[in-house]
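Down below is the structure, laid out as structure tokens.
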Amino acid sequence: LSLRNRLDETTILNALEDPAPEVRAQAVKLCRARLGNESILRKIINLTDDENAFVRIQVAYALGETTDPRAADALYRIAEEHSDDPLMRSAILSSSGSHQNELANHFGSHLLDPKYNDFLKGLIQTAFGANDVHTANVILNALLTQTGEYEIKHHIAAYRDYKNAQ
């Protein structure tokens, strides 16, 4: 039905609220092309707090399909709670494209928290991979400002890893 554009908005919105997490996750997948619809986007953003990890992963992937600034806030909320999960981190980073600068700004207060080292390293790598030097500089400059010294080896390593992979 989705391929023929026969799923109406009511059916999609109901599926996003279904008690079965498999249904919610599939509904999120089917909504990726419809994130321009305000009702659908709002429901997807509300699922950032879903109790099921698979639903949250699908939400993270879906949020990369929109440039709406609320998507960056939602990705940040997911990352703040679940960035230690490698699958979740991968989903968030793959969707960070148009939201990288906002994510970097959101994480300003967490830059020195070891819990976010792997996520921030991935964000810097993603930024450099997308030739978004501005975002990488935002993170690195904030680190330099907060530490007052050049003690950011784990973040500089992200750039080195990126360059070595080239």
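The structure places NE2 of His99 at 12.0 Å from CG of Leu123, a figure rounded to the nearest 0.5 Å. Atoms CD1 and CG, on Ile40 and Leu16 in that order, are 7.0 Å from each other to the nearest 0.5 Å. Here the CG-CD1 distance, from Leu103 to Ile92, works out to 8.0 Å after rounding to the nearest 0.5 Å. How far CG of Asn37 is from OG1 of Thr66: 11.5 Å, rounded to the nearest 0.5 Å. Residue Arg42 holds its CZ atom at 12.5 Å from CD1 of Ile44, rounded to the nearest 0.5 Å. To the nearest 0.5 angstrom, Asp85 atom CG is 5.5 Å from Ile57 atom CD1.
When atom types are taken as modelled, the side chain of Tyr116 and the backbone of Glu80 share a donor-acceptor pair closer than 3.5 angstrom. Proximity of a side-chain donor or acceptor of Arg56 to a complementary backbone N or O of Asp49 within less than 3.5 Å is not detected.
Considering only heavy atoms from C-beta on, Gln58 comes within 4.5 Å of Arg32 through its side chain. Side-chain contact between Asp68 and Leu35: absent, with no pair of heavy atoms (C-beta onward) separated by less than 4.5 Å. Proximity of Val59 to Ile78: side-chain heavy atoms (C-beta onward) are separated by under 4.5 Å at one or more points.
Contacts classified as ring pair (Phe, Tyr, Trp, His ring centres under 6.0 Å) and involving residues 73-96 (residues at least two apart or in different chains) are given here: Tyr76-His106, Tyr76-Phe107.
With Val23 as reference, Asp18 is the one residue of Asn14, Val28, Asp18 to meet the side-chain contact (heavy atoms from CB on, under 4.5 Å) rule.
Taken together through direct or relayed side-chain contacts under 4.5 Å among Ile, Leu, Val, Met, Phe, Trp and Tyr, Phe54 and Leu47 form parts of separate hydrophobic clusters.
The residues Glu81 and Arg77 are annotated as not salt-bridged, no charged nitrogen and carboxylate oxygen being separated by less than 4.0 angstrom.
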